[in-house]
There are 2 protein chains.
Amino acid sequence: MRDQKQFYLRKGQRRAMIAEAAQTLILERGYAALRTRDVAARVGINISTLHFHVPTKAAMIALVAEATRDSFLALLPPTPDPSRPARAQLRAEAQAYHDSLRDRPELVACHTQLRQIAATEPELTDMLDTFAQGWCQRYVEVLAIGRAQGVFRADLVPQPAALAITGALTAFGPRGPDGLAMFWPVFDEIERGFLATQINEGELR
Amino acid sequence: MRDQKQFYLRKGQRRAMIAEAAQTLILERGYAALRTRDVAARVGINISTLHFHVPTKAAMIALVAEATRDSFLALLPPTPDPSRPARAQLRAEAQAYHDSLRDRPELVACHTQLRQIAATEPELTDMLDTFAQGWCQRYVEVLAIGRAQGVFRADLVPQPAALAITGALTAFGPRGPDGLAMFWPVFDEIERGFLATQINEGELR
DNA sequence: GCATGAATCAATCATATGATTGATTCATGG
DNA sequence: CCATGAATCAATCATATGATTGATTCATGC
């Protein structure tokens, strides 16, 4: 590496490169195996140059977290709107998450790793929790809108329902078939349970 | 430590102590900060004694994984039974998981950590996936039984539904209020969506 | 040009870390 | 009691690792 003329870069650009390299290495080998030297090597800079841009390893992790969060936020659909059909908005939220899993799998994977790191890095916890709650709140609002519109059950409670759907879409990975094959079946199953118009005439007891 | 007369222990007992100490340290400081020396110190043995019982760090992780899995399996309710009421069985499954979160939080927390480690330890992945699929399969069976009994919607698809409910119960933690406050609301919300009859909140169990 | 500060690097420090070696202590069967 | 093997420990190895120091190179304004 460094086989061609190397121009000095501005701090912002270098930091972005460092964040991306660190994220890649976390995903490839896990946080436990993350070494500042390896990050520097991947960026193509000296270890001390890395420390010039990012004072400590913890600061580097924080940088990765911010970058990951911002990338994810950029993929979200428009904010929930009471004047638009709730079912479409709910699906749009799920679609956005689905697409992020399909097109930017590193974002969610990195977020999962950061979640574990956060167990011992309090400042990370705050950031991730704020982010997660904000994300879930979007579902809460869409569900409340849909209930008001009569699209969803009148007895649906938005908060637990939002936790249920975000939890389900987040966590089904290791328990089912590979990839995203079960994403929409899971979503459809949950949505079916939320809808107000159940036509089934199940036998009464 | 080691302030009183120390008797030699059998390999099985020592290995159990090592597994417990390693698990505790993983939960306290995260896997990235797990050191064989610290495990040995916690057990109260020399680092080389630890290596006598557990040849490598990777073997120690595998030991922790097995112990955690076995402890969790021991807390599960009876195997799904087509001749018993499905709703009670579903609730029993959830209750068992709830109780494990309440009484043995280290089990699930450790499992979550191991899940991350598994990203770079293939043999761990197999074990955890097998375990997770087996756990989810119990829900699949209960849901199928309930559908046959007419308790759950006729159009309910057991596999995605099981992924949804296990996912929801597994993952809601960071997005809602602390602790288990939202456990039953989330469960009830999902169950309500599964039921064939939207009426009543009859007798529970 | 050239002074200045930002960006970069080679070399090094101090400690951490997984693992090994060889001697020592204990429990147990005969 | 004592031979034997299991269990334990002190000391050490070889390398990894986060961070620092001080010198060097580049870009930019004047």
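Computed from heavy atoms alone, side chains included, the values below leave out hydrogens, waters and symmetry copies. This structure is a prediction, so every number in the text was calculated from the model and none was measured. Letters go in sequence order (proteins before strands), and every chain restarts at 1.
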Rounded to the Å, how far apart are [X] [atom1] and [N] [atom2]?
X: B:Arg15; N: D:dA6; atom1: CZ; atom2: P; answer: 15 Å
X: B:Arg29; N: C:dA16; atom1: CZ; atom2: P; answer: 13 Å
X: B:His51; N: C:dG22; atom1: NE2; atom2: P; answer: 17 Å
X: A:Leu9; N: C:dC9; atom1: CG; atom2: C1'; answer: 15 Å
X: A:Leu50; N: D:dT20; atom1: CG; atom2: C1'; answer: 14 Å
X: B:Lys11; N: C:dC26; atom1: NZ; atom2: C1'; answer: 16 Å

*Please answer whether the main-chain N or O of B:Ala118 pairs with a side-chain N or O of B:Thr125 as donor and acceptor at a distance below 3.5 Å.*
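Yes; at least one donor-acceptor contact below 3.5 Å.
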_Enumerate the ring-ring contact (aromatic ring centres under 6.0 Å, His included) contacts for residues 43-68 of chain A, please, sequence neighbours excluded, ordered by first and then second residue._
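Counting only pairs at least two positions apart or across chains, no ring-ring contact (aromatic ring centres under 6.0 Å, His included) contact touches residues 43-68 of chain A.
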*Restricting to pairs with a member in residues 138-165 of chain A, which pass ring-ring contact (aromatic ring centres under 6.0 Å, His included), not counting sequence neighbours?*
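As it turns out, the ring-ring contact (aromatic ring centres under 6.0 Å, His included) pairs with a partner in residues 138-165 of chain A, which skip direct neighbours, are A:Trp135-A:Tyr139.
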*asked:* Between B:Arg153 and A:Glu189, does any NZ, NE, NH1 or NH2 come within less than 4.0 Å of an OD or OE carboxylate oxygen?
replied: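 Salt bridge: yes.
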Under the salt bridge (Lys or Arg N to Asp or Glu O under 4.0 Å) rule, what pairs show up with a residue in [range], not counting sequence neighbours?
range: residues 23-40 of chain A; answer: A:Glu28-A:Arg42, A:Arg29-A:Asp38
range: residues 59-77 of chain A; answer: none
range: residues 138-147 of chain B; answer: B:Glu93-B:Arg138

*Who pairs with B:Asp129 by salt bridge (charged side-chain N to carboxylate O under 4.0 Å, His left out), at least two apart in sequence or on another chain?*
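Once residues adjacent in sequence are excluded, the partners of B:Asp129 under the salt bridge (charged side-chain N to carboxylate O under 4.0 Å, His left out) criterion are B:Arg115.
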_With A:Arg84 via salt bridge (charged side-chain N to carboxylate O under 4.0 Å, His left out) - residues at least two apart_ =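 Partners of A:Arg84 by the salt bridge (charged side-chain N to carboxylate O under 4.0 Å, His left out) criterion come out as none, since no residue qualifies.
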*Measure from the side-chain heavy atoms of B:Phe52 and tell me the nearest of D:dT8, C:dA19, C:dA16.*
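From the listed options, D:dT8 comes nearest.
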_Can you tell me which nucleotide in D:dT8, D:dG18, C:dA19 comes closest to the side chain of A:Thr36?_
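Taking heavy atoms from C-beta onward, the closest nucleotide is D:dG18.
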_So A:Leu34, base contact, sugar-phosphate only, or nothing? Heavy-atom distance under 4.0 Å._
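Contact class for A:Leu34: sugar-phosphate only.
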*Hey, where does DNA chain D pair up into stems, meaning at least three consecutive Watson-Crick or G-U pairs with distances under 3.5 Å?*
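So the stems come out as C:1-30 with D:1-30.
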*Using a heavy-atom distance cut-off of less than 4.0 Å, which residues of residues 53-62 of chain A contact DNA chain D?*
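Within this stretch, A:Thr56, A:Lys57 sit under 4.0 Å of the strand.
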*asked:* Please determine whether a side-chain nitrogen or oxygen atom of A:Arg14 lies at a distance below 4.0 Å from atom OP1 or OP2 of C:dA7.
replied: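 So the side-chain polar atoms of A:Arg14 never come under 4.0 Å of the phosphate oxygens OP1 or OP2 of C:dA7.
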N/O to N/O distances under 3.5 Å, protein versus nucleotides 10-14 of chain D:
unit_1 : atom_1 : unit_2  : atom_2 : d
D:dA10 : OP2    : B:Asn46 : ND2    : 3.3
D:dA10 : N7     : B:Asn46 : ND2    : 3.3
D:dA10 : N6     : B:Ser48 : OG     : 2.7

For a quick test of your reading: what N or O donor-acceptor pairs under 3.5 Å do the side chains of residues 163-170 of chain A make, sequence neighbours left out?
unit_1   : atom_1 : unit_2   : atom_2 : d
A:Thr166 : OG1    : A:Ala162 : O      : 2.8
A:Thr166 : OG1    : A:Leu163 : O      : 3.2
A:Thr166 : OG1    : B:Arg175 : NE     : 3.0
A:Thr170 : OG1    : A:Thr166 : O      : 2.6

Mind listing the N/O atom pairs, protein and nucleotides 28-30 of chain C, below 3.5 Å?
unit_1 : atom_1 : unit_2  : atom_2 : d
C:dT28 : OP1    : B:Arg10 : NH2    : 2.9

